[in-house]
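To start, the structure itself, in structure tokens.
Side chains are part of it too, since the values below use all heavy atoms of this structure and drop only hydrogens, waters and symmetry mates.
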Amino acid sequence: MVRLCRRGSLLSLAIALAIALITGGVSAPAASARRAPAAFTHPGVLVSRGQLDFVRSKVNAGAQPWKGAYDQMIASSLASLSRTPKPRAVVECGSYSNPNYGCTDERQDALAAYTDALAWYITRDSRYAEKAIQIMDAWSAVITDHTNSNAPLQTGWAGSSWPRAAEIIRYTYTGWSSAGVNRFATMLRNVYLPEVINGSLRTNGNWELSMMDAAIGIAVFLEDKTAYDKAVSTFRARVPAYVYLTGDGAFPKGPAGSGIDTRAEVVDYWQGQDTFVDGLSQETCRDFTHTGYGLAAIAHIAETARIQGQDLYPEIADRLRHALGLHAKYQLGTAVPSWLCGGSLTLGLGPVTEVGFNALHNRMGIAMTNTQTLTEQQRPAGTNNLFVAWETLTHAGNPN
């Protein structure tokens, strides 16, 4: 068990940061990385209008991999026009969704709303827009709370998908009533944002990163600059505590403010792993599935911030490229060395590489051989049924 706090840790952190800034060990973030935009861009959560137009043109031209990805999406149950939403006043989710009172229903409905929003934009078939509205209106009329131990994570997962759907519908379709929009905004502000905005310092990192994925999306929809800045600040503090680079020192950083700061405490927090290499994740030795959640959320947050004019990718590029590359290598079948997680890994990274790969390789020109191989093998990337969906469709080769 690690201690809740450590005397002098904040002072030490401040001194270390000052030294790093002076010596060049840490790059001071640009002003645009520290502040919310003067005016928010809409639609602007994970996908922009330019990105959506690119996707629509590719699908309509029958180009691959976008047409195959679209066909996969439209054939899924999430795109069904006969879907009946299943809202609950209180969604109760225990550890590993046990108990599961509305947890799966909420996540699936949120993903369905996003799926329908994408289908609407690509096809211009208003039935999809109306189905997305029906689902969003159903939940905003009913839900009041999330409870039990997994409430923050559940809220993060569903809360990541809802604003993606709402942004597309609100800003590209005229049929969502102002009353519906306002009630949905009230739901996000009162039910979702308070559960995620303060983060989760001492849980595994995928929790806090997923929560910030939701927080930044909600902040964009609400045009809440304070929430936006807090989400970005928490993200910037958590990423170095989730992905290791040798420049961090002999061992990884603990989550800022958590009190996890000695080597022994960090090793315990990193699932017992005591050898550290570039790209290792805090959850690598737990399993690749949870690691994938964290990496997906990192890319989602950076993508939303970039759309909003705050490019965080240069700040996290080394960590994200190394993390994607290391996990892709082993996911592809490279033998596991004895020093890594005792020589045994639990694979299952999931459909989580498209957004980061597109940003780092296609936009920034970074070579990512293993990540490229895995990404192309997995196309079309579908959904993890939590908060990741259709990212080959939305981000493969997308220059916008």
query: Looking at residues at least two apart in the chain, or sitting in another chain, which of them share a side chain to side chain contact (heavy atoms under 4.5 Å, CB included) with N98?
result: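 So N98 forms no side chain to side chain contact (heavy atoms under 4.5 Å, CB included) with any residue.
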
message: If the condition is side chain to side chain contact (heavy atoms under 4.5 Å, CB included), which residues does L153 pass it with, not counting sequence neighbours?
response: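 Expected list: N150, W157, N206, W207, S210.
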
- prompt: Pairs in or reaching into residues 51-89: which pass ring pair (Phe, Tyr, Trp, His ring centres under 6.0 Å), with residues at least two apart or in two chains?
  reply: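 Matches after skipping sequence neighbours: F54-W66.
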
Of all pairs that satisfy salt bridge (charged side-chain N to carboxylate O under 4.0 Å, His left out), the ones with a partner from residues 60-82, not counting sequence neighbours: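 Output for this query lists K67-D71.
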
- prompt: Taking only residues at least two apart or on different chains, which pairs with a member in residues 216-226 satisfy salt bridge (charged side-chain N to carboxylate O under 4.0 Å, His left out)?
  reply: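 Listed by first then second residue: R189-D224.
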
- prompt: Quick one: side-chain hydrogen bond (donor to acceptor under 3.5 Å, both in side chains) partners of T394, sequence neighbours excluded?
  reply: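 T394: no side-chain hydrogen bond (donor to acceptor under 3.5 Å, both in side chains) contacts found.
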
- prompt: Can you list the residues that meet the side-chain hydrogen bond (donor to acceptor under 3.5 Å, both in side chains) rule with Y313, with sequence neighbours excluded?
  reply: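 side-chain hydrogen bond (donor to acceptor under 3.5 Å, both in side chains) list for Y313, sorted by chain: E303.
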
message: Suppose the criterion is side-chain hydrogen bond (donor to acceptor under 3.5 Å, both in side chains): which pairs have a residue in residues 131-145, not counting sequence neighbours?
response: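 Counting only pairs at least two positions apart or across chains, the side-chain hydrogen bond (donor to acceptor under 3.5 Å, both in side chains) contacts touching residues 131-145 are D109-W139, K131-Q134, D137-W176, S140-R183.
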
With sequence neighbours excluded, give me every disulfide bond (SG atoms under 2.5 Å apart) pair touching [range].
range: residues 185-267; result: none
range: residues 214-302; result: C285-C341
range: residues 69-106; result: C93-C103
range: residues 371-400; result: none

message: Could you check whether Y244 and F276 have their ring centres less than 6.0 Å apart?
response: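 Ring centres of Y244 and F276 closer than 6.0 Å.
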
- prompt: With a 6.0 Å cut-off on ring centres, are Y228 and F40 close enough?
  reply: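 Centroid distance Y228-F40: below 6.0 Å, so yes.
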
